Amino acid sequence: MKKILSIVIVLFMFMAYGCQQQKEQKQQQAPPMVAPGLSPMQIEQLQTAAKMSPKSAQVWISLGDALMDSRRFGEAVEAYQKGLELDPKNVNARVDLGTCYRGIGKFDKAVEEYRKAIKIDPNFPNAHRNLAVVLAFDLHDTTQSVKEFNKYIELAPNAPDIEAVKHTVGELTAAKQAGK
């Protein structure tokens, strides 16, 4: 039993490290909505780890990351919810939960999660950017989306996607003015 537990712990550490590196890479890329997924076997291993450690927020969040990256958004929502029950102030997980809600078409829930993340950490750039994307392209709230994109620009002026975001703000602003 100790040997099995040791193997699971080593496996978990490996997966958590890999997910953290993936998360850091996702934050440097734009948009973070699409990333290469893990193999089904790796996801199965994370599911096993979650069953063996149901009180570990990090295991649930790592599972959510893997499922989200595999575009299995509905399952990822469940994993993130369990992780956030244990670690409700985890801003990365809350933003990723919002992204998963967007992935299953629950735009209001996505906005709710992004706003919760901003309440926890008002200076978390990706929460503002992702909120702006949903507001602009899903809910068609140009005024609020431009405000959120501008906050992202303010918080992350050197982000790799900053020129694309500025271009988007220009297009949204021009479209709003043309519609008046």
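Since we're looking at a predicted model, the values are computed, not measured.
Put simply, the side chain of W60 never gets that close to the backbone of L84: no donor and acceptor are under 3.5 Å apart. The backbone N or O of V146 lies less than 3.5 Å from a partner atom in the side chain of N150, making a donor-acceptor pair. Between the H128 side chain and the P122 main chain, a donor and an acceptor come within less than 3.5 Å of each other. Put simply, the side chain of Y114 gets close to the backbone of T99: a donor and an acceptor are under 3.5 Å apart. With hydrogens and angles ignored, the 3.5 Å screen pairs a side-chain donor or acceptor of Q42 with a backbone N or O of S39.
To the nearest 0.5 angstrom, Q47 atom CD is 14.5 Å from M52 atom CE. Rounding to the nearest 0.5 angstrom, the gap separating the CG atom in L131 from the CD atom in E148 is 4.5 Å. To the nearest 0.5 angstrom, D65 atom CG is 3.5 Å from Y80 atom OH. Between atom OG of residue S145 and atom CG of residue L172 there is a gap of 5.0 Å, rounded to the nearest 0.5 Å. Taking CZ from F137 and OG1 from T142, the interatomic distance works out to 9.0 Å, rounded to the nearest 0.5 Å.
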Practice item. May I have the step-by-step check of salt bridge (charged side-chain N to carboxylate O under 4.0 Å, His left out) for R129 and D161, ending in yes or no? Key: CA-CA 10 Å; R129 181 189 55 195; D161 66 341; 2.8 Å; yes
Practice item. Given side chain to side chain donor-acceptor pair (under 3.5 Å), test E171 with H167 step by step and report yes or no. Key: CA-CA 6 Å; E171 287 181 343; H167 180 75; 2.7 Å; yes
Exercise for review: Give the C-alpha distance, both sets of side-chain angles, the deciding distance and a yes or no for salt bridge (charged side-chain N to carboxylate O under 4.0 Å, His left out) between E154 and K151.
Suggested key: CA-CA 5 Å; E154 174 189 325; K151 185 65 176 180; 3.3 Å; yes
Check your understanding: Yes or no on side chain to side chain contact (heavy atoms under 4.5 Å, CB included) for R115 and K119, after CA distance, side-chain angles and deciding distance?
Key -> CA-CA 6 Å; R115 288 194 170 136; K119 187 174 181 179; over 6 Å; no
Practice item. Determine, stepwise, if the pair K89 / D121 fulfils side chain to side chain contact (heavy atoms under 4.5 Å, CB included). Key: CA-CA 9 Å; K89 294 190 185 248; D121 183 355; over 6 Å; no
**Study point:** Trace of the side chain to side chain contact (heavy atoms under 4.5 Å, CB included) decision for I43 with R72
**Key:** CA-CA 11 Å; I43 291 173; R72 293 166 59 179; 3.7 Å; yes
Exercise for review: Kindly determine whether L97 and M68 satisfy side chain to side chain contact (heavy atoms under 4.5 Å, CB included), including the steps that lead there.
Suggested key: CA-CA 9 Å; L97 175 58; M68 179 178 75; over 6 Å; no
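No hydrogens or angles considered: nothing links the side chains of T48 and E44 as a donor-acceptor pair under 3.5 Å. For the residue pair N126 / Y152, no side-chain donor-acceptor distance below 3.5 Å is found, with atom types taken as modelled.
A 4.5 Å side-chain heavy-atom check between I153 and K166 finds at least one atom pair inside the cut-off.
For R102 against F107, the heavy-atom pair with the smallest separation is O-CE2, 3.8 Å.
E112 meets the salt bridge (charged side-chain N to carboxylate O under 4.0 Å, His left out) test with K109, K116; sequence neighbours excluded.
Two different hydrophobic clusters hold V91 and L155 under the rule that ILVMFWY side chains link at heavy-atom gaps under 4.5 Å.
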